[in-house]
Amino acid sequence: MIAPVSSSALAGKPAILQKLGQARLQSRAVRQLLGLGSTFLLASLIVALVEWVARGELADIPTYFVSPTHPALATVGIVMLLMLLLDAVFGRAHQSILVVAPLVLIPAFLSNQKQHYLSDPLYPSDFLFGRQIMELMPVMVRERPLTAIALAVGIVVSIAALALLWRHAWRNATRLSQAARVGRLSIGLPLAALFVSQMDPTQYSFIREKLGIIPIVWDQQENYSYNGFIIAFSLNMPMADVKMPAGYGQNAIDAIPARNYAYLSGPREKPDVIMLMSESLWDPTRLSNISFKPDPMPTIRAAQSGNVFSPEFGGMTANVEFEALTGFSNAFLPYGSIPYQQYIRRPIPSLATFFRGEGYAARSLHPFSGWFWNRNEVYKAFGFEEFHTEDTMPPMEKRGIFASDDSLMKEIMREGDEMERPFFFFAVTLQGHGPYEPHRYVDNTIGIRGDLGDADRDTLETYAQGVRESDQSLKMLMDWASKRDRETIIVLWGDHLPPLGSVYPNTGYMPEQVATRKAPLDVMKREHETPLVVWSSKKGVRKDIGTISPSQLPYHLLKSAGYEHPFYTGFLGRVQKKYTIVDRYQLATRDNQAFPDWSRNEQTLDPLMRDYRYLQHDAMFGRDYGLERFFPSHAQLVSQGS
């Protein structure tokens with residue numbers, strides 16, 4: 001009896017082992033499915049949190065996830081893929097959440113804050129000027145000390161908590177087998193490469209279309225709203241690479257007419273020229289239901305020639321400066337780009353090289369650090385002979401933590417008095433920079449009447465006092481210029497509206513704290529116009545310029561100075577006869593006929609705008625086919641190596 005039983009037991013053992021093996025396989029498959037399910041749920045939670053933080057509200061999130069037209073599932077899949085790849089690298093299941101969550105939640109928070117103050121979401125290019133933000137941190141801390149302390153404590157606590165969580169997860173998380181790690185990498189890496197290859201918004205992608213990802217690069221607010229923060233941010237990564245316009249080439253440049261002004265000698269006596277870009281200069285008397293006594297800007301009002309239509313709001317000064325010095329337009333560059341940070345990598349034609357070609361000294365001044373907005377390198381590329389910063393100028397009086405306009409004007413006058421040959425000075429003021437903390441000035445001399453809360457009144461009092469002092473500084477400079485033998489031309493404008501926060505909606509001037517990016521022309525003018533002064537010590541005010549883009553300032557400056565030039569007065573002269581505003585969202589004629597979203601379709605682009613784009617691309621990124629014809633002074637200086 002024993003033998004048969006033993007034989008039966010031996011015969012049944014392979015069957016048992018087989019069943020155990022199958023059970024193990026099934027158990028392993030179940031664990032893998034559960035692991036993938038957990039990763040999917042965690043990825044979904046991360047995406048939901050990112051959208052909540054970036055948008056600042058929960059209302060739109062269900063629509064984003066439920067709507068079949070939105071790429072929410074694709075976003076979850078991308079985050080899940082990243083988590084699986086990192087888990088494979090770490091060798092621990094779900095360890096990646098401690099990397100991925102901060103990696104996407106922190107930029108989402110920064111995007112929310114940027115939209116609150118500057119109306120635009122976060123772009124990849126914003127990380128190029130992180131140093132600038134840190135430099136301005138003291139004034140932000142001073143304005144909101146409790147918030148700053150809470151933020152600092154939160155950062156320290158978060159870092160400590162993250163370190164403890166990482167240690168705990170590393171010790172207790174399920175270890176992945178070597179086969180599982182290799183399998184995830186072999187599948188995940190090709191998929192990740194495929195995703196990256198589909199993120200160029202200038203190229204059609206069948207896969208991207210099927211995933212519901214639609215690049216809306218002409219309207220970044222809608223881009224981030226529709227695609228979500230993660231996808232929209234990814235779509236903007238290739239934007240630093242400017243594509244060549246369709247049809248660009250030597251034949252296209254040669255076909256653009258250019259008058260030869262070489263035979264003209266210019267004015268009999270060359271005037272000195274001072275361009276002043278005044279930080280956040282705006283007319284606060286435009287505010288609804290608010291009155292000021294006395295007028296904070298009587299000098300500017302009396303000498304006002306028109307308005308500048310700023311392409312920015314509350315910040316991004318360098319983009320306005322780029323247009324004013326080159327005559328080129330941000331409208332032909334990717335949305336959210338910063339030419340000073342991304343594109344100025346070689347000598348670029350500018351007013352500095354034009355005036356140097358006329359025998360002028362070309363000098364730039366700014367009472368702050370030279371690295372800010374990469375100005376040290378940009379001004380060299382623009383052809384300025386000298387750039388005077390806070391490090392090279394005499395100590396300047398401060399108003400708050402910023403150098404006063406009064407001290408900068410005195411420095412301009414001092415340097416001007418020392419010059420024997422004609423000079424071109426370009427200066428950027430600093431006193432008007434926000435935020436406008438209460439009691440920046442010991443005495444506020446502007447009385448404000450109107451229904452305002454205490455916080456709004458404090459902000460507006462500080463800002464209005466700064467405008468008054470800027471106005472007085474301009475008067476001092478004009479008085480000095482009036483006494484000089486040589487004619488002096490002064491061009492002054494504000495780079496953008498000030499970031500006054502809740503003052504705008506609470507006074508009814510704008511519905512939000514920041515300007516709209518797309519709106520009817522009258523609304524856009526209301527939210528983007530800053531005062532413009534073009535004044536000559538001999539001829540007085542240049543009147544009736546109207547509202548112009550910063551890119552048209554070179555035309556009006558050179559006309560006032562009595563110069564002609566193939567691009568600055570020739571080509572830009574043709575442009576300004578037809579269009580006064582060249583903005584990426586608004587192309588506007590002298591009689592206020594507006595063409596919104598005009599730049600989206602190259603096939604229907606006005607040939608004049610097409611040529612404008614060709615010339616800009618040629619000078620900034622192309623082969624310089626038109627350099628000698630349109631920018632002869634610049635071409636000569638480049639050939640001389642100066």
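All figures in this text were calculated on a predicted structure; none of them were measured in a lab.
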* **E377 bridged to R345 by N-O distance under 4.0 Å** => no

* Asked: Parallel under 30°, tilted from 30 to 60°, perpendicular over 60°: which one fits the rings of F631 and F567?
  -> tilted

* Parallel, tilted or perpendicular: rings of Y568 and F354 (30°, 60°) -> perpendicular

* Does anything in residues 448-461 pair up under salt bridge (Lys or Arg N to Asp or Glu O under 4.0 Å), and if so which pairs, sequence neighbours excluded? -> none

* May I have the step-by-step check of side chain to side chain donor-acceptor pair (under 3.5 Å) for D417 and W480, ending in yes or no? => CA-CA 10 Å; D417 285 337; W480 166 80; 3.1 Å; yes

* Basic-acidic side-chain contact under 4.0 Å: D597, R584 -> no

* Which residues pass the ring-ring contact (aromatic ring centres under 6.0 Å, His included) test with F309, sequence neighbours left out? -> H528

* Asked: Which heavy atom of R484 sits nearest a heavy atom of G416, and at what distance?
  -> NH2-O, 3.9 Å

* **Nearest heavy-atom neighbours spanning K270 and R486** => O-CD, 3.3 Å

* Roughly how far apart are F355 CZ and D272 CG, rounded to 0.5 Å? -> 10.0 Å

* Is there a side-chain contact (heavy atoms from CB on, under 4.5 Å) between W535 and R542 once you walk through the steps? -> CA-CA 6 Å; W535 176 87; R542 185 180 177 93; over 6 Å; no

* Verdict with supporting geometry, Y379 and F387, ring-ring contact (aromatic ring centres under 6.0 Å, His included) -> CA-CA 7 Å; Y379 286 161; F387 175 29; 4.6 Å; yes

* Spatial distance of atom CG (L587) from atom CZ (F595) [nearest 0.5 Å] -> 6.5 Å

* Option from E390, E411, Q431 for which side chain to side chain contact (heavy atoms under 4.5 Å, CB included) with M396 holds -> E411

* Note, S111 side chain near Y123 side chain (heavy atom, < 4.5 Å) -> no

* To do: State whether Y509 and R526 meet the cation-pi test: NZ (Lys) or CZ (Arg) under 6.0 Å from the six-membered ring centroid, and within 45° of the perpendicular axis.
  => yes

* Asked: Do the ring planes of F368 and F402 sit parallel (below 30°), tilted (30 to 60°) or perpendicular (above 60°)?
  -> perpendicular

